[in-house]
Structure formats: C-alpha cells, structure tokens
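Okay, structure first, notes after.
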Amino acid sequence: MAKLKFEKHNDFFQQVYQVVRLIPKGKVTSYGAIAKYLGSAKSSRMVGYAMNNSHKQIPPVPAHRVVNRNGILTGKHFFAEENEMERLLINEGLSIKDNAIQNFEAYFWDPGQYLELNQ
DNA sequence: AAGGTGACAGTTT
DNA sequence: TAAACTGCCACCT
C-alpha cells in the first residue's frame with residue numbers, strides 16, 4: 001500500500017494512544033509492551049512521555065491501565081486527583097497495595113497477543 | 001537547529 | 001538484595 005501524503009498524522013504518540021485504548025477493562029499492560037508492539041522496543045520511555053499528553057486526547061485514553069513492568073503505578077502522580085489512578089483500577093476489579101498491582105501477571109494484557117487474535 | 005527530557009527497562013555495582 | 005548507572009529515541013523548547 002502506497003504511503004499516504006497525510007501519514008504524518010500517524011504520530012508515535014497517536015499510535016500509543018490507539019494501543020492503550022485497546023486495553024480491555026480490568027486489564028493492564030506495560031510501557032515496554034506497548035513500545036515493543038509498535039516496533040521500537042527501546043522506546044518505552046517515549047510511551048510514558050506520550051501519556052503525559054494523553055489527558056487532552058479525544059476520546060480519552062485509559063492511562064491508568066498502563067504501568068511499568070513490575071506492576072507499579074509509577075504514573076499515579078500525573079492524575080488530577082491523588083489516588084485517582086489507583087481508584088480507577090480498583091473500580092475495574094484490581095487490587096492495589098503500595099502502588100503495586102496485586103497478582104499483576106494475572107491481569108497483564110499483551111498487545112501482541114491481541115494481534116494474534118486478529119490475524 | 002541542537003540539545004535536553006523522561007509515567008522505562010536492562011545491566012552493573 | 002537493592003541501589004545506581006546507562007542506553008534509548010521521539011518529542012519539546
């Protein structure tokens with residue numbers, strides 16, 4: 001497929017937002033997993049950086065479903081209200097303790113796995 | 001235009 | 001074992 005002249009619209013950030021919006025309710029994923037899914041596994045930091053602007057995206061991006069690879073809620077400080085991230089996750093059925101998702105692996109959602117389901 | 005930044009992740013002390 | 005160091009790269013000023 002030929003490249004479109006307007007492909008510039010496909011920013012790295014936008015791709016990140018797309019993936020994050022695919023995360024099912026009650027599931028979480030990591031920055032690294034998203035970066036890998038987008039083809040640049042070494043750009044995990046950028047994924048986090050992208051989430052900084054996620055609050056002004058339309059439709060909203062469920063940024064609370066993205067944590068680091070240890071299941072730690074490293075980005076909770078960037079939410080409007082304190083503990084908002086934690087509250088949102090709990091509301092989706094997860095349990096949090098000391099900013100860490102309990103039984104993290106059980107709730108982990110790998111974007112790559114989603115790809116397999118659709119091929 | 002060039003250099004600084006960071007909601008990470010892997011490696012080394 | 002845990003803390004510190006470093007690579008990383010798209011975006012921002």
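Here the structure is a predicted model, which means the values were calculated and not measured. Letters A, B, ... are given to chains in the order of the sequence lines, protein chains preceding strands, and every chain is numbered from 1.
- In this model, the phosphate group of dC11(C) is not approached by any side-chain N or O of N52(A) to a distance below 4.0 Å at OP1 or OP2.
- One atom, CG of N53(A), and another, P of dG6(B), lie 13 Å apart when rounded to the nearest Å.
- Closest to the R45(A) side chain, of the nucleotides dA9(B), dG7(C), dA7(B), is dG7(C).
- In this entry the distance linking OH of Y31(A) with P of dC11(C) reads 18 Å, nearest Å.
- Relative to the side chain of F13(A), the nucleotides dA7(B), dA10(C), dC11(C) differ in distance, and dC11(C) lies closest.
- Comparing atom distances between the Y49(A) side chain and each of dC8(B), dG6(B), dA10(C) picks out dG6(B) as nearest.
- Residue S30(A) has its side chain nearest to dA9(B) when only dA10(C), dA7(B), dA9(B) are considered.
- We find that CD1 of I101(A) is positioned 13 Å from C1' of dA7(B), with the value rounded to whole Å.
- As a whole-Å value, the separation of H77(A) NE2 from dA7(B) C1' is 11 Å.
- Comparing dC12(C), dG6(B), dA7(B) by their closest approach to the side chain of M46(A) singles out dG6(B).
- What separates CD1 of I34(A) from P of dA7(B) is a distance of 15 Å, to the nearest Å.
- Nearest heavy-atom pair, M85(A) versus A63(A), reported as atom, atom and distance to 0.1 Å: CE-O, 4.0 Å.
- Between the C1' atom of dC9(C) and the CD atom of Q15(A) lies a distance of 14 Å, rounded to the nearest Å.
- Between I101(A) and F108(A) there is no side-chain heavy-atom pair separated by less than 4.5 Å.
- Counting non-hydrogen atoms of other residues, nucleotides and ligands closer than 6.0 Å to NZ of K27(A) gives a total above 12.
- The CZ-P distance, from R69(A) to dC8(C), rounds to 18 Å in whole Å.
- Contact check for I23(A) versus V66(A): side-chain heavy atoms found under the 4.5 Å cut-off.
- At whole-Å resolution of the value, CZ in F12(A) and C1' in dC8(C) are 11 Å apart.
- If you check every strand for non-hydrogen atoms under 4.0 Å, A41(A) touches nothing.
- Residues L73(A) and L89(A) meet the side-chain proximity criterion, which asks for heavy atoms closer than 4.5 Å.
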